[in-house]
Protein chains: 2
Amino acid sequence: MTKAPEKAPHRVTLEDVARRAQTSSITVSRALRRPEMVSEKLRARIAEAVTELGYVPDPAASALASRRSNVIGVLIPSVTNSVFADVLAGLYDTIAGQPFNAQLGNTRYAPGIEDALIRVFLGQRPAGLIVTGVDQSPVSRALLEAADCPIVQIMDLGNAPIDMMVGFSHRDAARTATEHLIARGYSCPAFIGARMDPRSERRLQGFRDALAAAGITEGARVVTTTTPSSVALGETLLAQLLAQAPETDAILCNNDDLALGVQFAALRRGIAIGPELGLCGFNDLEVMAAAHPSITSVRTFRREMGKLAIEMLLARIEGRDPDAKVRDLGYALMPRDSTRRDRA
Amino acid sequence: MTKAPEKAPHRVTLEDVARRAQTSSITVSRALRRPEMVSEKLRARIAEAVTELGYVPDPAASALASRRSNVIGVLIPSVTNSVFADVLAGLYDTIAGQPFNAQLGNTRYAPGIEDALIRVFLGQRPAGLIVTGVDQSPVSRALLEAADCPIVQIMDLGNAPIDMMVGFSHRDAARTATEHLIARGYSCPAFIGARMDPRSERRLQGFRDALAAAGITEGARVVTTTTPSSVALGETLLAQLLAQAPETDAILCNNDDLALGVQFAALRRGIAIGPELGLCGFNDLEVMAAAHPSITSVRTFRREMGKLAIEMLLARIEGRDPDAKVRDLGYALMPRDSTRRDRA
DNA sequence: TCGCCGAATGACAGCGCTATCATTAGTTGA
DNA sequence: TCAACTAATGATAGCGCTGTCATTCGGCGA
């Protein structure tokens, strides 16, 4: 069987349904979109006809006529990063059953691509837009501000929301984690970070805040790179860190992959995670609690972020006002064995 | 600034561009879609007008008029599973720059949802469709066979492709992994599997093939569950396995999360991974090589699968024939320390 | 010189739906 | 009883683009 250029099968239209239900196409359209405007009897007849004919609406025609598509555009910088995968999971769970379609755009951490994608999305007259972070390029920002659909910025917080916002303070979260290290008795905490995007930069800032507040000098205990994060990179960065700052007795990683890599590398080097080297990740992926030793991390509420972003959009699309334009989801420090100096 | 119900700004249409370039809208349309049909001079004028006016085509109008959208529908059973995230990464990388849009549908391992999503996607007159696996419901299969767009089934192989296929043999892969365990001297290999979908069932089959070929009896050394996979679940399943089959000296896990969980649990119990307990994962996520001890796994080519799926669709959309309708990407056993009995 | 041809361009209709306004039927109060 | 309303339904005109067919025009062979 060859499939590509077959003749197009007849498409079941509103007209067909109308004929079958002995009414007009516009009434069928109404029965589907605003059922309360159509009498119960007619509605039942129409419902039957829809089922019998297997009518499926054509979103293109609908979008064209109503000047509004059912697309919710979602711009994220990476599809593989499990942090975004979690956000997407929450997002897809919430959108399922709604008459909207999420459409993903992968900006690959590149402002140029983001600008282009925003243009493309806006060309679709989307029902709503979700964008990552608060550090859009001036071009992107201008486009978004002129857009006539609700917009949610996710993953971060900032002073000037384009429209709505749901995230948490990366800076506060990292400061809290660092304070935890200090409170646990580590006196020379270090920071390692891969893929230093704006959010990671804020985490580094939080780390520095805590050091400054505790009167600890940073020394050479910060190692960062723009290389994408991976578990293997954790080992590399650890080596680099210990070479340039051997006094290090604790590490805050800007994500959990790195922390896991550091843990494996420490095991390999015979360094006891906890007693000799404190270790804290970021995001609290599932593996952190299951690891041995279990790894301290800062939990972030990624699924909730996806869920809330959709809910805020839906509220606005339906004309309701969301509970608040800016939602701070916070974070939760999850202390585990990797920051216990007294571990067996 | 409130955004939702602002007046719609004027949209730049082909007509506007045509006026500016002193030509007709249909010629502008052609200049954009089939540049070779328009004289070079006019093309330049049109290009200039497009830029100056910031024209962005309306995909809805295009879809309606041409009876063909630029949507490539992608049905996957899970958005969080990093295996699919990798496939998606390959897919998005390949589709970027092409005039097509991937649209994700999450079937959540439920045939009913899959049927519904296929109907919705087909209602959009997609340019192509990508579906996961070869075990569609009869309803889904009928819908897909009647569809008038190219279709690729990914992640698995089977005898009756709906149209095209790109995957590998889960059964062979698991058999190879099991043979490796046996060859390494483990005499009582076990299988643990979470989220036993059809592909995992075939892996289990491959495990059994190898045992049978080696004359080893399976005993009680198979533990499976339909619970979604996680690292933590690895510990649970290990406990269950060792309780019901203490003779076990090696484990094939149906995915890497589980293997990692087993490794952590073994560490916790003081079982030496390698000498005392052989361990093999499946998929070869990045963490497997970085783990300590490094974990043997079966590498699968997930990004390539996404890439190839798109390429096959593009070939057909453009009227070319793909190199082959069914592509077997194979797999690669990656032997590591977790299956070395002589490890230090 | 004329007719023919292909390349380049254009006119026109219509894709399937919805916004808008018009019409009809049914209800109410004075 | 009838104007004045509301609820329910319908007619009409596009939305912005592309498929199809028509037209124009310069070049070229006979």
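This one's a predicted model, so the numbers in the text were calculated from it and none came from an experiment.
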Between Ser62(B) and Asn70(B), does any side-chain donor sit less than 3.5 Å from a side-chain acceptor?
no
Subject >> Any side-chain heavy-atom pair of Asp321(B) and Arg316(B) under 4.5 Å >> reply: yes
Please give me the minimum heavy-atom distance between [X] and [Y], naming the atom from each residue.
X: Asn101(A); Y: Ile95(A); result: C-CD1, 4.1 Å
X: Val28(A); Y: Ala18(A); result: CG2-CA, 3.7 Å
X: Asn106(B); Y: Tyr92(A); result: ND2-CB, 4.3 Å
X: Ser140(A); Y: Glu114(A); result: OG-CG, 3.8 Å

Quiz item: What is the distance from atom CG of Leu91(A) to atom CE of Met305(A), rounded to the nearest 0.5 Å?
Solution: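 Answer for the CG-CE pair, Leu91(A) versus Met305(A), is 11.5 Å.
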Which whole-number value in Å describes the distance from Asp16(B) CG to dC17(D) C1'?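 It works out to 13 Å between those atoms.
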Check: So does Asp148(A) pair up with Arg68(A), basic N to acidic O under 4.0 Å?
Finding: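 Answer for the salt bridge query: yes.
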Whether each nucleotide of nucleotides 15-28 of chain C has a protein heavy atom under 4.0 Å at its base (B), only at its sugar-phosphate (S) or at neither (-) is summarised, 5' to 3', as BBBBB---------
Per-helix bend value, the helix from dT1(C)-dA30(D) to dA30(C)-dT1(D), C1' rotation axes over five pairs per end, 10° rounding, shows 40°
What residues 36-49 of chain B contributes to the DNA chain C interface at heavy-atom separation below 4.0 Å is Val38(B), Ser39(B), Leu42(B)
Margin query: Any side-chain N or O of Thr27(A) below 4.0 angstrom from OP1/OP2 of dT9(D)?
Written below: no
**Message:** Against Leu144(B), only a single residue in Leu129(B), Asp163(B), Val139(B) fulfils side-chain contact (heavy atoms from CB on, under 4.5 Å); can you say which?
**Reply:**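 By the side-chain contact (heavy atoms from CB on, under 4.5 Å) criterion, Leu144(B) pairs with just one of Leu129(B), Asp163(B), Val139(B): Leu129(B).
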